[in-house]
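Lettering follows sequence order; numbering is per chain, from 1.
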Protein chains: 2
Amino acid sequence: MPSYKAPVDDTLFLLRDVLDYGRYGNLPRFGEAPLDVVEAVLSEGGKFAEEVLQPLNRVGDTQGCVREADGSVRTPKGFKEAYKAFAEGGWVGLDGDPAYGGQGLPHFLAVALSEYTIAANLSFAMYPGLTNGAAAALATHGSDELKQRYLPKMTTGAWTATMNLTEPHCGTDLGLIKTRATRQSDGSYLLTGQKIFISAGEHDLADNIIHLVLARIDGAPAGTKGVSMFVAPKVLVNDDGSLGARNGVACGSIEHKMGIHGNSTCVLNYDGAKGWLVGEENRGLNAMFVMMNAARLGVAVQGLSLSEVAYQNAAAYAKERLQGRSLTGAKAPDKPADPLLVHPDVRRMLLEIRAFNEAARALMLWVALSEDEALSSPDANARKLADDRVGLLTPVIKGVFTDQGFANAVKAQQVLGGHGYIAEWGLEQFVRDARITMIYEGANGVQALDLVGRKLPKDGGRAITAFFGDVSAFLAADKDDSALAPYLAPAKAALGQLQQATMWLMQNGMKNPDNAGAASNDYMHLFGLTALAFMWARIAKAVLARQAAGTSDATLDSKLTLAKFFAARVLPEAGACLARLSSGAETVMALPAAAF
Amino acid sequence: MPSYKAPVDDTLFLLRDVLDYGRYGNLPRFGEAPLDVVEAVLSEGGKFAEEVLQPLNRVGDTQGCVREADGSVRTPKGFKEAYKAFAEGGWVGLDGDPAYGGQGLPHFLAVALSEYTIAANLSFAMYPGLTNGAAAALATHGSDELKQRYLPKMTTGAWTATMNLTEPHCGTDLGLIKTRATRQSDGSYLLTGQKIFISAGEHDLADNIIHLVLARIDGAPAGTKGVSMFVAPKVLVNDDGSLGARNGVACGSIEHKMGIHGNSTCVLNYDGAKGWLVGEENRGLNAMFVMMNAARLGVAVQGLSLSEVAYQNAAAYAKERLQGRSLTGAKAPDKPADPLLVHPDVRRMLLEIRAFNEAARALMLWVALSEDEALSSPDANARKLADDRVGLLTPVIKGVFTDQGFANAVKAQQVLGGHGYIAEWGLEQFVRDARITMIYEGANGVQALDLVGRKLPKDGGRAITAFFGDVSAFLAADKDDSALAPYLAPAKAALGQLQQATMWLMQNGMKNPDNAGAASNDYMHLFGLTALAFMWARIAKAVLARQAAGTSDATLDSKLTLAKFFAARVLPEAGACLARLSSGAETVMALPAAAF
């Protein structure tokens, strides 16, 4: 049976020593979140993840969600009780608005904790995760009346929420949406159409489900400019807040998926369901983007979470399983064989995962702290810089963390050999669960295109210029520190390659947009490698500072080895990315469609 | 629903134009296999795969194999009838010995056809595939009496066979085997122990199942030097060939696997089962290696097969599914959106798969033809060279084809977006099925170690030297052909990198074996890339020759584009492999076990 231990100490080290947590002290909510409070929250939440959510992960996979004849959906045994405890513990609204019953803690803390919750049980974590995204969209674009009606119950987790975008004929291309919204005399709309792949679309965890739905108001323009966003509850809500009649939306079926069986992914049929406009008519994509961006960051965390839990289980197996002898002579001569961990290629796989996880956690926390800054810094320029950073890095971490998260789950599975392929050990579930993260909330190809087509050129390249500036400034500040030099050099080299790639894109992407499209995936991964190399440089600096202060410990010391491993064994991929992308679109576009 | 079309034309082009089929005319069985016979066999067998086996692939995944209370196993609906037709069609014994009822055709033809059978239905193809491997081991090491008793029924497919190596506590490390063999007065043995992960271990497709079992004769030395091989039938066979009593081996349970649900992967309990020694006492690993090597090549083919069928389905989807607009302006302005195929990153994914498949097919056929040469060339030196080549390339293609096959199934799944994650479209099954190929018959890390630790140094590096000679000679022969030059250059560059890596291994692997272990995975992949680059050079030469002869066609012309794509977009990985492996073992071995 798989197990999980929340890496609270690592999160705290990154916040305190690497990301200079103190510098965020001027943000409104941070006064109530000194590091000891952060530690208490992470420890308690981590314990809940380890003890309550993790044991339900295989149950969820095995039992799945069951649609009853009446269209209701039963979640796996234990999910209901766990959800109740989760909501009552205040975990849904950890960073929620106190005006609606939230805890009012900084946003980054919810992100940091979500890493643990997801690692313990992705399918479970999706229910409250979606609620938070929907709450953010409603808070930003909803009328006061809608906010009063829905946000208190969503913030406390009494109700959950969903996002309804995909239809059978359209996923990425939301301009093709057909679901109709017909205006009623009372100002509401009747929604008619079919939505598919709706996570948490129907279930028994909460009394109500609040659907955010993209639909086309009768007479609206074609394409994306005619799409509006609506809120449509599963059960209508009376003016006094009590629940009324069932709304005209029902689960038609549950999708047969490769994984995340504990989450009910539904076909939802809207048959004249009552909905209310959120934000402006025909500006639905704009409103949904709040939820979508939150969801993309949430999915990036999923990549890290699954990579971490897969690592933990594979490492434990490699330390215990006796198989073969070390190439340099028996290491456990008293036993029938040495532990798997003596084999260099087993170590390679584990270290590749680990070298990702620790830097990715740093990067995730940096982005999450930047979200707090963007949201609430008293300094307008700091808000702008942080918002740019979040916008630029969102597609990078969504794409790279999930590609890596899946690849790492596969590697961890490989460590277990045949035992990785059978259900009992849990590794194959991590692989199946991780696979969806590369697809939903914008397939990774869409992330790559968002990066090169939108985020790079935006505001004359302001965000990427600032990112280059951040990395360069860090490298320049310590350039004469000879102890640190070997840890800065890899980041410097990667930065040079990323700058070269960016230049290539500027010169060739305008000329022929297919050059940008053909380069996008490699550019995104080169960006990810560079950002991770930057994090390793920052981590190494923090460890060296601790060692210089005489407080080194074995766990921290190991980070220096991991930083070297990353440079020697992971970063060479950056050169391959650069070579591929700068070969241009020609060989990609030459083959006629009929030849495929 | 997924579909499959056997690429018969491509196989024939590779045999005729690229691999110079005529030069094998001196081998015994080839006289009866001129190209028109080859074409007829491949076409008919391909049709069987497309029409009979492919439609059962999802059935197999959905229904799986069911163990009844009495320990018998029911295969998915339709498998039994399909297997009967397959055996009666003579497909099991296509290259079987005519003395035992085989068709006596060349071995390569069985390999070429197996690509199609596996692509259509991996779980099904494993049943006859294992039978062939076991038959080869029995033919090589069995006594005449054992051969007469078992081979006729195995060759015709009336009975199937299995290989029994793994036990709960040992997979790779066969020296740990505990299953006991106790000698009886009649010369037979009683086998007692438990074997796990036994593919096709129990089923209802055939009247008998012939298990090849590794076990330790009472009093045998510890470790691999005390392991012997036995044949133990499910049902005892009387001297007149009729079936007797049930033997003492039974299916304890069926493993809960990630995929290949149509194949019954069993726990087999040996409880004093009667078995007969095959080959010499304590030389069981040697005897089993015949089956294992055959199985490794068979698994390499599985990687290609799944890559091909995944490609076909993803390409069809990309041509039909309308989503978004081309970056360079609408390509289907009359339709609501352009086909997915206009998007460069979708093409990139498809082309990466395709650029592998066509070269991998060439490489597979070259190895398969070399097996025929090694087996039956009248020229002793040719036999030796061919045997060296097969030995050297077996771990390379097992490791690289299956890593790539899985990665390509994942890419193909990505092309379908959300539809790739649900069962209906079949792509997620290809991914789950492909995953096992990286694990069984020696996990890919074991292949890599076999390559650097055994196959490279063997006979003073004779095999690798010959391989370098083959590639160099090909490149040198046409070095003044300016039309061909751009297609030779990538292979030349890759060869140079592989030679550099080989030199590095020679200098550093002896000094510290961990250097070899830490380099092994990258070396194997660098080798694979080089071999594929060599195949692309040979393919390009063949196409140019056809074009020069005035017989070009669109399908062949597209191969020149694919060759260029391979050089620009796949081969850069070779440089990353070289950089990683030559960084040495230090960062891999430095972390103490407790830090994992």
* **Step-by-step side chain to side chain contact (heavy atoms under 4.5 Å, CB included) determination, Q413(A) to M258(B)** => CA-CA 11 Å; Q413(A) 183 185 25; M258(B) 186 181 191; 3.3 Å; yes
* Asked: Given E428(B) and R435(A), is the salt bridge (Lys or Arg N to Asp or Glu O under 4.0 Å) satisfied, shown in steps?
  -> CA-CA 9 Å; E428(B) 64 93 31; R435(A) 185 64 186 86; over 6 Å; no
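When the candidates R325(B), H169(B), E586(B), Q312(B) are compared by the number of heavy-atom contacts under 4.5 Å with chain A, H169(B) comes out ahead. By number of non-hydrogen pairs under 4.5 angstrom with chain B, the leading residue of V570(A), L341(A), T561(A), L571(A) is L341(A). Put simply, of A443(B), A518(B), A579(B), A315(B), the one with the most heavy-atom pairs under 4.5 Å next to chain A is A518(B). Counting heavy-atom pairs under 4.5 Å between each of M589(B), K257(B), Q414(B), K564(B) and chain A puts Q414(B) at the top. In terms of heavy-atom pairs under 4.5 Å with chain A, the best-connected choice from N515(B), T172(B), I439(B) is I439(B). Between chain B and the residues A590(A), P572(A), G417(A), G575(A), the largest count of heavy-atom pairs under 4.5 Å involves P572(A). Of the listed residues (P339(A), A576(A), A554(A)), the greatest number of heavy-atom pairs within a distance under 4.5 Å of chain B belongs to A576(A). Ranked by heavy-atom pairs under 4.5 Å with chain B, the first of L416(A), I196(A), T587(A), N512(A) is T587(A). Chain B forms the most heavy-atom pairs under 4.5 Å with one residue out of G584(A), G420(A), S582(A), and that residue is G584(A).
Here the side chain of Y421(B) pairs a donor or acceptor atom with the backbone of G259(A) at under 3.5 angstrom. In this structure, D173(B) contributes its side chain and G324(A) its backbone to a donor-acceptor pair below 3.5 Å.
For the pair S558(B) and L591(A), the tightest heavy-atom approach, listed with the atom from each and the gap, is CB-CD1, 3.4 Å. Taking every heavy atom of both residues into account, G445(B) and D345(A) meet most closely at CA-OD2, 3.6 Å. The two residues F406(A) and F406(B) make their nearest non-hydrogen contact at CZ-CZ, 3.8 Å. Of all heavy-atom pairs between G517(A) and L327(B), the closest is CA-CD1, 3.9 Å. The minimum heavy-atom distance between P344(A) and V588(B), with the atom names listed, is O-CG1, 3.4 Å.
Interface remark: A594(A) contributes backbone atoms only to the contact with chain B (heavy atom separation under 4.5 Å). Contacts of R321(B) with chain A are made by side-chain atoms alone, with heavy-atom separations under 4.5 Å and no backbone atom involved. Contacts between D557(B) and chain A at a heavy-atom distance below 4.5 Å are absent for every atom of the residue. For a residue to count as touching a neighbouring chain, one of its non-hydrogen atoms must lie under 4.5 Å from one of that chain's; by this rule I436(B) touches chain A with backbone and side chain alike. If you measure heavy-atom distances from L176(B) to chain A, the contacts under 4.5 Å come from the side chain alone. For a residue to count as touching a neighbouring chain, one of its non-hydrogen atoms must lie under 4.5 Å from one of that chain's; by this rule D522(A) touches chain B with the side chain only. For a residue to count as touching a neighbouring chain, one of its non-hydrogen atoms must lie under 4.5 Å from one of that chain's; by this rule Y440(B) does not touch chain A. Contact annotation for V410(A): both backbone and side-chain heavy atoms come within less than 4.5 Å of a heavy atom of chain B. The contact between A593(A) and chain B is made by backbone and side chain atoms together, counting heavy-atom distances below 4.5 Å. For L322(A), the part lying near chain B is the backbone, with the side chain staying farther off; criterion is any non-hydrogen pair under 4.5 Å. If you measure heavy-atom distances from L578(B) to chain A, you find no contacts under 4.5 Å at all. Neither the backbone nor the side chain of T555(A) comes within contact range of chain B; no heavy atoms are under 4.5 Å apart. Only the side chain of K319(A) comes within contact range of chain B, judged by heavy atoms closer than 4.5 Å. Residue contact with chain A, scored on non-hydrogen atoms closer than 4.5 Å, is absent for F566(B). Neither the backbone nor the side chain of Q429(A) comes within contact range of chain B, judged by heavy atoms closer than 4.5 Å.
To the nearest 0.5 Å, the span separating CD on E573(B) from CZ on R580(A) amounts to 5.5 Å. From S583(A), atom OG reaches atom CZ of R569(B) across 4.0 Å, with rounding to the nearest 0.5 Å. The structure places CD of E255(A) at 5.0 Å from CD1 of I422(B), a figure rounded to the nearest 0.5 Å. With values rounded to the nearest 0.5 angstrom, T166(A) atom OG1 is found 8.0 Å from H419(B) atom NE2.
At a heavy-atom cut-off of under 4.5 Å, chain B is reached by R347(A), R348(A), L350(A), L351(A), R354(A) from residues 346-354 of chain A, listed in order of number.
The number of heavy atoms from other shown groups lying within 6.0 Å of NZ (K331(B)) is above 12.
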